[in-house]
Amino acid sequence: MSITVFFVAIISSMLINNVILMRFLGVCPFLGVSKKTESAVGMSVAVMFVMVIASIVTYLLYYYVLEPNGITYISTIAFILVIASLVQLVEMFIKKVSKKLYKSLGIYLPLITTNCAILGVAETNIASNYATDYGVLQGLFVASTAAFGTALGFGLIIFAFSSIRERLDGANVPEAWKGVPISLVIAGIMALAFLGLGGIV
Amino acid sequence: MAKKKEMSRLANLTKGFFKENPIFVFLLGMCPALAVTSTMETGLGMGVLVILVLTMSNTVISLIKDLIPAQIKIPAFIVIIATFVTIIEMLTQAFAPALYEALGIFLPLIVVNCLILGRAEAFASKNGPLNSAIDGIGMGLGFTMALMLIGFTREVLATGAVGYGVYLPLGIEGSFINIDSYILAMDVFIGPAGGFIVIGLWLAVFQAFSNRNKRIKADTRKRWIEEKKREAAERKRQKAMKEAGETS
């Protein structure tokens with residue numbers, strides 16, 4: 001396994017299969033917290049944190065607990081439980097370690113439980129068969145790299161979008177298109193632009 | 001279940017259709033609304049599954065709401081929802097494998113559909129089981145209608161035809177509409193960009209309607225106030241005239 005694998009994993013999960021624009025995961029926070037650049041950055045940092053940890057934990061859980069015992073059919077329940085408790089843990093940990101970080105990330109953490117991007121990445125990691133391609137342990141590295149790339153892609157889009165939206169506040173938009181409708185059309189145009197990145201890898 | 005009920009139950013059922021439509025008004029459950037609506041039929045399939053999960057989870061949550069401590073409310077709700085989603089997922093795999101393939105990852109992701117947890121939190125944890133079940137059916141129907149509307153628009157724009165019987169085991173196959181003109185077909189609408197744009201379009205339509213209603217309401221109110229003012233002025237004038245007549 002060479003370094004190219006990781007490079008490809010990051011590029012493809014960040015740009016080509018962008019989590020928001022191409023896979024439609026995490027659209028709720030995308031529309032919810034993208035009104036201001038500050039909150040967009042806070043949300044994407046919190047998502048990155050939870051996404052990487054959650055994908056490592058769910059991956060290990062799947063291959064070391066669920067699969068040997070033949071109970072892979074409860075993976076959805078197990079994953080969502082792990083993610084919910086993980087979010088709680090991370091929240092407590094950040095609160096203990098850094099009051100300042102907690103103040104800036106705290107309000108976004110409870111929202112992450114219902115962010116479909118987290119569960120989506122956990123399920124995609126299993127569905128992409130990294131374990132059969134690279135072996136269970138090396139697959140873990142690829143899976144966590146892909147999760148990191150996905151979180152980067154999420155952050156990139158949500159940051160760019162919040163900047164556009166801040167500009168849009170001053171624009172003269174027709175009454176009916178104000179707010180979310182025009183934002184969705186802009187997201188559509190961004191998705192068109194991202195289609196062009198399809199040939200990179 | 002809900003047919004023979006009085007007005008409040010009926011209102012409870014129908015509020016999700018337009019007034020509190022989950023997608024067009026509350027923007028809940030946007031991820032499936034974008035992802036599974038490339039054809040109308042997948043939208044319908046997703047909607048039916050959401051109705052089933054939402055009704056069952058609402059009922060069960062409202063039955064056991066008093067047993068759950070407030071601190072672990074959200075995790076408990078999520079586990080209940082995840083259980084039903086797993087059941088539905090297995091049933092779909094067994095009875096509608098084409099739909100299972102088409103929905104892909106979005107089938108397990110019904111668990112984190114904000115609509116379901118939102119209804120559990122906002123309605124089922126405060127109301128009785130029957131009302132919660134009705135709320136689940138109504139909201140699910142509203143969600144389904146929204147998905148079908150979006151799916152219909154996208155499929156017509158992208159292919160010029162709307163087919164059925166491909167993903168759902170309906171027993172019949174065919175097409176509702178077949179324009180049969182590939183000049184009009186725009187491939188972009190079946191892709192991700194089309195999803196965003198079509199939803200934006202429909203949201204704008206809904207917003208235009210609600211703006212118009214608001215304007216009409218404001219106008220009627222203004223007219224009513226002016227009427228009252230004019231009446232008061234009239235009364236005052238008559239009174240003054242009367243007094244003037246009495247003194248002279």
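Throughout, a chain's letter reflects where its sequence line sits, starting with A, and its residues are numbered from 1.
Taking the ring centroids of A/F24 and B/F106, they lie at or beyond the 6.0 Å cut-off.
For chain B, the nearby part of A/L31 is the side chain; its heavy atoms alone come within less than 4.5 Å. The part of B/L117 that comes within reach of chain A is its side chain, from C-beta onward, which places non-hydrogen atoms under 4.5 angstrom from that chain. Residue contact with chain A, scored on non-hydrogen atoms closer than 4.5 Å, involves the backbone and the side chain of B/T83 alike. Looking at B/I74, neither its backbone nor its side chain comes within 4.5 Å of chain A, counting heavy atoms on both sides.
Note on A/L195, A/L25, A/I20: by heavy-atom pairs under 4.5 Å with chain B, the leading option is A/L25. With chain B as the partner, the residue from A/A84, A/A127, A/A187 showing the most heavy-atom pairs under 4.5 Å is A/A187.
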Worksheet entry | Intermediate values then yes/no, side chain to side chain contact (heavy atoms under 4.5 Å, CB included), B/I78 and A/I77 | CA-CA 8 Å; B/I78 287 187; A/I77 305 175; over 6 Å; no
Practice prompt. Show your working on side chain to side chain contact (heavy atoms under 4.5 Å, CB included) between B/L34 and A/V27 and close with a plain yes or no.
Written response: CA-CA 9 Å; B/L34 285 159; A/V27 176; 3.6 Å; yes
Discussion item. Test side chain to side chain contact (heavy atoms under 4.5 Å, CB included) on A/T124 and B/I105; report intermediate values, then the result.
Written reply: CA-CA 8 Å; A/T124 320; B/I105 191 176; 3.4 Å; yes
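Each of A/I118, A/N115, A/I80 was compared with B/V112 under the side chain to side chain contact (heavy atoms under 4.5 Å, CB included) criterion, and only A/I80 meets it.
For the atom pair B/F196 CZ and A/L21 CG, the distance stands at 5.5 Å (nearest 0.5 Å).
A donor-acceptor pair is defined here as one N or O able to donate and one able to accept, closer than 3.5 Å; such a pair exists between the side chain of B/Q207 and the backbone of A/K178.
Looking at A/L192 and B/V188, their side chains come closer than 4.5 Å, going by heavy atoms from C-beta outward. In this structure the side chain of B/M90 reaches within 4.5 angstrom of the side chain of A/Y73, judged on heavy atoms.
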